[in-house]
Amino acid sequence: MADVSSAGAASALPAGVKGLVWLGLCQGADASFTSTLTSFVGNSKVFGFYLMDEPSPSSCHAANLMAESDWIHANLPGTVTFVVLMNMSATSSPTYQNTYNPANTHIDLYGLDPYPCRTELGNSCAYNWIPLAVSAAESAGVPLADIVPVYQAFGGGNWGDDGGGQYLMPSAAQEIQILQTWGTAVPTAAMDYAYSWGSQNGDTSLSMSPSVELVFAKHNAS
């Protein structure tokens, strides 16, 4: 799977690769939305649509996401809709209550991103935060089969975390443990997702860490 933002980019993907199309709108199935999505109709290289990244219920209404997801399901059958959920509490005590789930959005897949490696943890990782996030999402109405692991593959830079420190770029050994912990918590994920390939905010990212790249290469080939 590859990140894409246009029908042309999706069509240009090599054999065996499909595109996940970033949208980031949350305006419902209005004229702008349908105009944008029409170009993807019938494109066999599209896996699905990334509707929003960590939307807040106060500004992105579930009804708008439902309208977008319903339009995609009706007009691009066989593709999926995807959102990464915002945790409404601390990473150590997560909750997704009163946010989004299949009942109020009709979205297919829900990413969780409890990035566990932090400087305030003595440059270590709280791997137990991963199953905590999964349990919290299930309690909020997201079935286990719909949960997508979002792996931490960045650290440093100008990002601050919710514990008063900074995110820590995992070492190869730490990344292996992240993958194993997610694999136990969500053993049959429909897809998975690493954040991030490129630097977003002065941080160290996956593209800058050959040893962690190798961990993901082995994971993707398994």
Side-chain angles (χ1 to χ4, degrees), residues 1-57 60-86 96 99-113 133-134 137-138 140-151 153 179 182-183 185-198 200 206 216 219-221:
M1 194 183 306
D3 292 321
V4 296
S5 57
S6 70
S11 297
L13 292 172
V17 179
K18 288 194 172 187
L20 182 67
V21 182
W22 164 251
L23 295 177
L25 300 172
C26 199
Q27 298 300 313
D30 60 8
S32 175
F33 176 87
T34 57
S35 176
T36 299
L37 272 289
T38 297
S39 63
F40 294 96
V41 172
N43 191 327
S44 63
K45 299 296 290 186
V46 174
F47 171 81
F49 295 88
Y50 191 162
L51 298 185
M52 287 293 289
D53 184 68
E54 295 192 327
S56 169
C60 177
H61 300 300
N64 287 350
L65 293 178
M66 180 185 288
E68 293 178 359
S69 190
D70 285 349
W71 192 95
I72 289 168
H73 290 146
N75 293 277
L76 293 105
T79 64
V80 303
T81 52
F82 171 65
V83 65
V84 174
L85 294 178
M86 177 187 287
Y96 304 99
T99 62
Y100 311 98
N101 57 38
N104 68 6
T105 67
H106 298 172
I107 291 173
D108 300 301
L109 300 175
Y110 298 78
L112 306 181
D113 56 3
V134 171
E138 289 184 286
V142 180
L144 182 63
D146 297 345
I147 293 175
V148 169
V150 181
Y151 307 125
L179 292 172
W182 267 114
V186 186
T188 56
M191 58 175 268
D192 53 15
Y193 171 12
Y195 183 82
S196 65
W197 172 254
Q200 303 290 309
L206 183 55
F216 279 107
H219 169 72
N220 292 341

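Computed over heavy atoms, backbone and side chain alike; hydrogens, waters and symmetry mates excluded.
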Margin query: Is there a side chain to side chain contact (heavy atoms under 4.5 Å, CB included) between Glu68 and Thr81? Walk through the geometry before answering.
Written below: CA-CA 9 Å; Glu68 293 178 359; Thr81 52; over 6 Å; no
Notebook entry, point to check: Is there a side chain to side chain contact (heavy atoms under 4.5 Å, CB included) between Leu13 and Val4 once you walk through the steps?
Noted result: CA-CA 9 Å; Leu13 292 172; Val4 296; 4.1 Å; yes
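- Listed here is the closest heavy atom pair of Pro143 and Gly141: CD-O, 3.4 Å.
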Next item on the list: Could you check Trp182 against Leu112 for side chain to side chain contact (heavy atoms under 4.5 Å, CB included), going step by step and ending with a plain yes or no?
Entry: CA-CA 10 Å; Trp182 267 114; Leu112 306 181; 3.9 Å; yes
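- Sorted pairs that involve residues 20-38 and meet side-chain hydrogen bond (donor to acceptor under 3.5 Å, both in side chains), not counting sequence neighbours, are lacking altogether.
- Ala185 approaches Leu144 most closely through the heavy-atom pair O-CD1, 3.4 Å.
- Within the 6.0 Å centre-distance limit, the rings of Phe49 and Phe40 are counted as a close aromatic pair.
- No side-chain donor from either of Tyr110 and Thr99 sits under 3.5 Å from a side-chain acceptor of the other.
- Residue His61 comes nearest to Pro57 through the heavy atom pair ND1-O, 3.9 Å, listed as atom of the first residue, atom of the second, then distance.
- Note that the OG1 atom of Thr79 and the CD1 atom of Ile72 stand 6.0 Å from one another [nearest 0.5 Å].
- Under the 3.5 Å distance criterion, the side-chain polar atoms of Asp53 are left unmatched by any main-chain donor or acceptor of Val84.
- Ile147 approaches Ala137 most closely through the heavy-atom pair CD1-CB, 4.0 Å.
- The side-chain heavy atoms of Met1 and Tyr193, taken from C-beta on, include no pair separated by under 4.5 Å.
- Residues Leu65 and Ile107 have side chains in contact (heavy-atom distance under 4.5 Å, counting atoms from C-beta outward).
- Side chain of Asn104 to main chain of Asn101: a donor-acceptor pair is present (N/O by atom type, distance under 3.5 Å, no hydrogens or angles).
- The main-chain N or O of Ser56 is found under 3.5 Å from a side-chain atom of Tyr100 such that the two form a donor-acceptor pair.
- Note: Met86 CE to Cys60 SG = 10.0 Å, rounded to the nearest 0.5 Å.
- Side-chain atoms of Lys45 never come within 3.5 Å of backbone atoms of Ala7 as a donor-acceptor pair (strictly under, hydrogens ignored).
- Between Ser6 and Ala9 the shortest heavy-atom distance is OG-N, 3.1 Å.
- Residues Val46 and Ala10 approach most closely at CG2-CB, 4.1 Å, considering heavy atoms.
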Checklist line | Evaluation steps, side chain to side chain contact (heavy atoms under 4.5 Å, CB included), between Leu20 and Met191 | finding: CA-CA 11 Å; Leu20 182 67; Met191 58 175 268; 4.0 Å; yes
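- Distance CH2/Trp71 to CG/Leu76: 5.5 Å, rounded to 0.5 Å.
- Between the side chain of Asp146 and the backbone N or O of Val142, no donor-acceptor pair lies under 3.5 Å.
- Rounded to the nearest 0.5 angstrom, Leu23 CG and Phe33 CZ are separated by 6.0 Å.
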